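Here is the structure we will look at, set down as structure tokens.
Model, not experiment: these values are computed from the prediction. Hydrogens, waters and symmetry mates are skipped; everything else that's a heavy atom, side chains included, is used.
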Amino acid sequence: MAVSVFVGPVFFIVQVFIWNAIYSTRETVTGLTLTQMLTYYGIVNVINYLTYDSSDMDLQWHIRTGGFITFMLRPISYFYYAICQKIGHRLLALWVEFIPVYALFLFVFKINLVPASFFWTSLSVMLSFLLVFLTNFCIGITGFWLTKTEGLRRAFLVLRDVCAGSLLPLTLFPGFIQKILFYMPFQFIAYVPIRVFMGSYELAGISMSIPEVVGLQAIYVVIMFLIYKLLWHLGTKRFTGVGA
Amino acid sequence: MAFGNKKVYGGGCMIDAVRLHLQGIKSALAVRMAYRADFFISILIMLIVEAFGPLVTYLVYKNGASLPGWSMYEALLIQGVFMLSRGISFPFFFGMVWNTIQRVQEGTFDLLLIKPRSVLQMIIVTGFDSEDLGKLLGGIVLFSVSLANIPFPGLLLWLKFAALFFVSLVVMFGFGLILSGLGIVWIGNYRVYEIFYSIANFGMYPANIFSKAVVTFITSVIPIAMLGYIPASQLLGRPAEGTLIAVVVSIIFLFASLLFWKAMFRRYNSAGG
């Protein structure tokens with residue numbers, strides 16, 4: 001985990017140089033100033049430590065090796081096990097990764113990492129935490145049907161990160177793609193919490209107030225939960241395990 | 001393909017080394033062909049994953065912004081060269097990294113110790129990664145597309161580029177040795193890849209966007225700029241400052257990492273496999 005404390009800031013330094021160079025000839029890019037752009041990347045970096053998830057990998061691993069069978073026999077559900085594990089991991093990450101990197105950004109890079117509203121930001125990050133978990137968990141569930149899914153999983157993760165705004169602000173995309181992205185659930189994973197953090201939301205020319213967009217995020221979490229329920233029902237029916 | 005082996009083995013066993021390497025590739029492919037569909041899908045996916053790298057650059061230019069002094073295709077060419085260098089290294093010798101980590105963790109590293117070849121060579125030969133051929137494909141595509149959109153370089157530039165591109169593979173080999181060496185003592189830590197990626201990022205962009213101190217570091221201390229920027233700048237006819245120093249440093253880097261690997265190797269403790 002300590003590796004993150006090195007890797008995150010190094011990636012960030014490269015971004016600082018790139019954006020400084022890009023902004024040297026102009027004031028704004030797609031409406032964002034240099035300070036906003038760097039704040040965006042800074043927030044992406046620290047929020048990621050709080051919401052990072054590997055439940056897809058774990059579930060697929062358990063299904064492929066047959067270890068999943070032992071979970072079927074336990075008195076708690078796999079879902080409960082997985083989410084408790086994630087909470088534990090992220091609590092560890094909170095002080096091993098989040099706090100050191102946060103301090104580094106705040107004091108060394110002088111990025112203004114103070115949320116516009118502490119209440120709405122923490123609510124939004126918590127919802128994002130759940131949403132990342134649920135989407136990844138659903139990807140994990142595909143392991144019931146597909147045996148070797150490593151490649152598919154990786155492709156999905158990249159697609160998710162691009163569509164969620166974890167790699168770049170969504171406003172950089174051409175207008176019609178922004179419209180598509182607006183209706184996809186991915187923006188609620190990273191883009192929405194970041195904008196809530198910054199205190200204003202805008203995508204594809206649509207502005208919403210912070211409570212509205214967080215409410216929408218909550219609705220997506222509920223939808224994702226229902227999708228998980230359905231997939232889980234279908235998947236566990238299909239699962240057969242011998243021995244293990 | 002056998003760039004690595006040449007370094008490890010003086011001249012004498014060169015042909016033998018190449019033959020061994022080809023054998024390694026052949027058996028790795030045979031294994032992978034057991035699930036042919038998955039293999040081709042994986043390569044395709046790897047190609048798509050790689051394509052997202054230059055996406056940011058593309059979007060920045062499409063929004064009317066730019067890296068000062070570089071046209072979009074010039075910037076993309078640098079990233080194309082970077083991908084090409086990785087596309088050759090990752091399948092053909094960089095697999096030594098995960099191979100070492102996996103073997104040390106599982107205990108199968110011991111098996112290589114009793115083979116009648118050097119351990120380093122065995123680690124490279126058995127680490128062929130066919131999936132990473134997708135990276136090579138992605139590199140070729142990006143490189144060709146960017147090249148088609150800039151004035152075509154003359155023969156001399158091509159020769160200089162080829163020489164420097166070879167040096168970029170030497171640097172990749174050096175990084176492979178360092179990460180693999182770390183894998184021997186730092187059990188089961190695949191995150192060494194992340195460390196590499198984060199540092200290698202500096203080689204993907206024109207050096208003039210970085211501060212003076214960073215430029216000095218990536219050309220004359222750890223030759224990261226060699227991974228993409230320096231060879232590409234030759235092809236663009238705008239040679240990077242300090243190219244010669246970077247070449248010398250790259251060679252030193254290779255030998256230093258070889259020493260590092262050997263030192264780590266001596267520290268290897270078997271847990272009994």
What part of [X] is in contact with chain A, defined as an atom under 4.5 angstrom from a non-hydrogen atom: side chain, backbone, both or neither?
X        : result
B/Val214 : side chain
B/Ile199 : both
B/Trp70  : neither

Hey, would you say the A/Phe129 and A/Tyr52 ring centroids sit under 6.0 Å apart? no

Is the gap between the ring centers of B/Phe210 and B/Phe202 under 6.0 Å? yes

Would you kindly check if the NZ (Lys) or CZ (Arg) of A/Lys86 is within the cone defined by 45 degrees around the ring axis of A/Phe133 and under 6.0 Å from the six-membered ring centre? no

Taking every non-hydrogen pair under 4.5 Å, which of B/Val192, B/Leu44, B/Ile195 racks up the most with chain A? B/Ile195

Pick whichever of B/Val60, B/Asn208, B/Val56, B/Leu55 has the most heavy-atom pairs under 4.5 Å with chain A. B/Val60

Donor-acceptor check, side chain of [X] to backbone of [Y], threshold 3.5 angstrom: yes or no?
X        : Y        : result
A/Thr135 : A/Val132 : yes
A/Ser54  : A/Met57  : no
A/Arg90  : A/Leu50  : no
A/Asp53  : A/Ser55  : yes
B/Tyr205 : B/Leu67  : no

Pick one of side chain, backbone, both or neither for A/Ile18, based on which atoms fall under 4.5 Å of a heavy atom in chain B. both

Answer with side chain, backbone, both or neither: which region of A/Val7 has an atom nearer than 4.5 Å to a non-hydrogen atom of chain B? both

Take atom OH in B/Tyr58; do more than 12 heavy atoms of anything else shown fall under 6.0 Å from it? no

For chain B, which residues from residues 167-177 of chain A have at least one heavy atom closer than 4.5 Å to it? A/Leu168, A/Leu172, A/Phe173, A/Pro174

